[in-house]
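Input: a single structure, listed below in structure tokens.
Just so we're on the same page: letters track the sequence lines, and every chain starts at 1. Note that this is a predicted model, so its numbers are computed, not measured.
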Amino acid sequence: MDAIFKNLTEAQREAVAHVDGPMLILAGPGSGKTRVVTHRIANMIQQGVQPWQIAALTFTNKAADEMRLRVNALAPNQPVWMGTFHRFCAQQLRRYATMVGLQENYSIYDTSDSKQAMKRAVLAAGVSTTHASPDQIASAISDAKNRLMTPEMMLGQTLRPLDTLAAKVYPIYQQQLLTANAVDFDDLLLHVANLLRENPELRSEMDRKFKYILVDEYQDTNLAQYAIVRALSIDQPNLAVTGDPDQSIYGWRGADLNNILDFEKDYPSVKTVRLEKNYRSTPNILRAADQLIRHNRRRKAKDLFTDHPEGDAVILRMFEDGYQEADGIADEIIRAITDEGMKPSDFAIFCRMNALTRSLEHALRSRSLPYQIINGVEFYQRREIKDLLAYLHLINNPSHDVALMRVINTPTRGIGNRTVERIRDFADYNAIPMLEAARRANEIEGLAKRAITMIGKFIKIYDRLAIKANSSLEDMIRYLVTETEYEAYLEKTAVEQQDANPMSNVDELITAAVEFDRQHPDDGSLEAFLEQVALVSDTDSIDGETDRVTIMTLHASKGLEYPRVFIIAVEDDLLPHKRSKETDAQFEEERRLLFVGITRAKEWLQMSCCKRRAIRGDTRPVIPSPFLNELPLDEMKRIESTGNRDWFDEEEDSYDQSYPDSWDLPDEGEPTSDTIAESAPIVAPAGFEIDEISQLPQEELAAAVKPKKKNNVIVAGLKTGADLLAGGAPPLMSYREGTQVRHAEHGEGTIIEVTGRGPKRTAKVQFDHGEHSFRLAYAKLEVL
DNA sequence: AGTCGTTGCATTTTT
DNA sequence: TGCAACGACT
């Protein structure tokens, strides 16, 4: 038996061996799904399927990268198409752009771009924003797009007042996008879905071309994605989807659970394979997950089992407040590192909202524990990066109005709001791009002479830049920075305390551009670069290489696994979130969210909640999450934590009595109350062990943490451009050939070569006494 | 054009 | 509590 079928279970083998016809793989968490998918692709190729007829669609770049890596190990260098839905659509849309009224160099508006565009559309539509903000209207339109509704359809059947407003803005927004030769994220899918729906010949051509289609995380598909996949699987219904209804957590973004629940109805001849055996977690963890998710009604029943040994009981722990929760978690991590030889990167902390990460950050930092937060200000959201990218966008697509509005007065050149408004109105009135309107400034009524002169100056600068459109990205950006005197502008407008040196971010962008040029010697066009930038996100940059604790939202945790997991704030109104309790569907999605979090843990899991929590300034008492009652509490280890906020408190053995009414879990009689009600104050609530409080002084604990690097705290937002594009490298700073650096031992030198990607990125440095190579991720090289 | 103070907002966010 | 966005002011 060859490598492809070795070490597979019966169910896995069955799925891998399947070649033709529809297939549904119901894959529980940790069931080796990626393994099955990749092995299956390899098998199909071995069975004679042409690799270019296979398209594997994922939701994230990270998932696609992972897949590519693993397929490559089994079947090297096969031209199988692997990538995200959005990238797939972007690519097809380049080819057929004119059919939907776009040019092939169309731009992709990111969320903030479309927000800008939406404001303008709302204004142009003359809709009052007193009852609905542009954001709300935007999300109503987005919902409509996800449901494949055209503006006309929306006008036909509106129900909610918000939708009535949205229906008025929608056509105008769409028209303005077309004029700008741009699409938003939703449009990528929508346009392609419409193309397929309206052009039978094109549809059958593409159906033939992508003979085999695989969709990952099928439970997260929305109607547009569903329509695309279906349209490509009519004549050649070789559609294989993998997913888990229990891990559908993007309903609020239009994902439709019915897509996976009804797959068997859509394709009656479907072969269904269930992957239920879990290779990730201990039975303890699985039982908690299983019992919880059993409370959902809308699901496909599934058994979760594993061969793993029992392992530690799942912990449910209660803290006084959010600060103690954070401290308690940090201390536990340090304890496990000291006592059990764990590494910081073995730990992950999940929470419902980003706002909850603050106290964690503080607690970890004060103990010198290295950590990373997944979220934060993305590199591409930084002002200086957005500015430069906007110039690039405008060079690539002169109709990109959002970019024009951003750069026309950046750096400041005397073109004020009023002036921009007049240009915009003129553009709207004539249905032309704003750049063109600006060129015709002398036709615009009410513009001062001075303004016209200034606009003329801008146009001159722009035209000079535009000539560079075909040079290398690096040259273009450097030229752009010089030509616009951007550096001087940055210095002048530097915001204190914000970012120390924004110019280093500019260097980052250049590094990313150089890298892109290098990786795409042939198609390294501006257009491809901008598309790449538009379609990467910050979750693509989770760093698994360096040794740090990872903090993230439950949403971001999907698809990942960690030896030890903490889930914080398992509290009512937070998980389930206050705003997600109205419908059963929402409530069940919240339950799935916790399910996803639990099943990330391999060997150890702690869920925690507090008695009171500071939220938005004031501290409020907290009710534990109703989900807690759905867990196998009897077999879990329940800890009631108090005290320990003062390390040197002599009396830390006595318990804070001010909140005696601790664990009143709602509903379903919980083994508590009467014990605490009258009995001795020192007794913890029934069912809870007293937590032993670590007595080590703080410095000693900090010393116990291995890497005593100076810069060991990695805060959100330090991700770099090259990092994002390469998918997961630590900051590269401005290391490139010719850079002068200093090394602690070798002294000063010059970088003579930079090779490799991501964490493997290496610089060869010439010192007085010889050459040395350093991994940039780890070496202490100081840029001079 | 840029500063400053007030107001209103606060769930998650694969692309 | 912490911010982004807006409007009044200089």
Legend entry - Nearest to side-chain heavy atoms of Lys119(A), which nucleotide of dC6(C), dC3(C), dT12(B): dC6(C)

Inset, instruction - Compare the minimum distances between each of dT14(B), dG2(C), dT11(B) and the side chain of Met353(A), then state the nucleotide with the smallest one. - result: dT11(B)

Legend entry - Nearest-Å distance for atom pair CD1/C1', residues Ile567(A) and dT12(B): 15 Å

Inset, instruction - Taking only the side-chain nitrogens and oxygens of Asn354(A), find out if one of them lies under 4.0 Å from OP1 or OP2 of dT13(B). - result: yes

Inset, instruction - Answer with base, sugar-phosphate or nothing: what part of the nucleic acid does Ile415(A) contact at a heavy-atom distance below 4.0 Å? - result: sugar-phosphate

Legend entry - Centroid under 5.5 Å and tilt under 30°, His577(A) to dT11(B): yes

Inset, instruction - For the residue pair Phe88(A) and Phe210(A), categorise the inter-ring angle as parallel (less than 30°), tilted (30 to 60°) or perpendicular (more than 60°). - result: perpendicular

Legend entry - Out of dG2(C), dT14(B), dT13(B), whichever nucleotide has its closest atom nearest the side chain of Tyr250(A): dT14(B)

Inset, instruction - Kindly state whether the ring of Phe595(A) and the ring of Phe627(A) have centres lying under 6.0 angstrom apart. - result: no

Legend entry - Atom pair distance, as rounded to whole Å: NZ in Lys386(A) and P in dA4(C): 14 Å

Legend entry - Interatomic distance where NZ belongs to Lys578(A) and P belongs to dT12(B) [whole Å]: 15 Å

Inset, instruction - Indicate, with a heavy-atom threshold strictly under 4.0 Å, whether Asp186(A) touches base, sugar-phosphate, or nothing. - result: nothing

Inset, instruction - Determine whether the aromatic ring centres of Phe59(A) and His86(A) lie less than 6.0 Å apart. - result: no

Legend entry - Aromatic ring proximity, centroids under 6.0 angstrom, Tyr486(A) and Tyr489(A): yes

Legend entry - Pair His555(A) and Trp252(A), ring centroids less than 6.0 Å apart: yes

Inset, instruction - Could you tell me whether the phosphate oxygens of dA4(C), OP1 or OP2, come under 4.0 Å of any side-chain nitrogen or oxygen in Lys115(A)? - result: no

Inset, instruction - Write down the distance between CD (Glu66(A)) and C1' (dT14(B)), rounded to a whole number of angstrom. - result: 15 Å

Inset, instruction - Select base, sugar-phosphate, or nothing to describe what Gly414(A) touches, counting heavy atoms under 4.0 Å on all strands. - result: sugar-phosphate

Inset, instruction - Using modelled atom types only, decide if a donor and an acceptor are shared between the side chain of Arg612(A) and the backbone of Val622(A) within a distance under 3.5 Å. - result: no

Legend entry - Any Ser580(A) side-chain N or O less than 4.0 Å from OP1/OP2 of dT12(B): no

Legend entry - Contact nearer the 5' end of DNA chain B, comparing Lys558(A) with Asn409(A): Asn409(A)

Legend entry - Length of the line joining Trp252(A):CH2 and dT11(B):P, which is rounded to integer Å: 12 Å

Inset, instruction - Check whether the side chain of Arg579(A) and the base of dT11(B) form a donor-acceptor pair under 3.5 Å. - result: no

Inset, instruction - Let me know the distance between CG of Leu356(A) and P of dT11(B), rounded to the nearest Å. - result: 12 Å

Inset, instruction - With DNA chain B as reference, determine whether Leu593(A) or Arg413(A) sits nearer its 5' end, using the nearest nucleotide of each. - result: Arg413(A)

Inset, instruction - Mind checking Phe85(A) for me? I need base, sugar-phosphate or nothing, with any heavy atom below 4.0 Å counting as a touch. - result: nothing

Inset, instruction - May I have the distance from Asn417(A) (atom CG) to dT3(B) (atom C1'), rounded to whole angstrom? - result: 14 Å

Inset, instruction - May I ask you to verify if any side-chain N or O of Thr412(A) is less than 4.0 angstrom from the OP1 or OP2 atom of dG2(B)? - result: yes

Legend entry - For atom OH of Tyr218(A) and atom C1' of dT14(B), their distance in whole Å: 17 Å

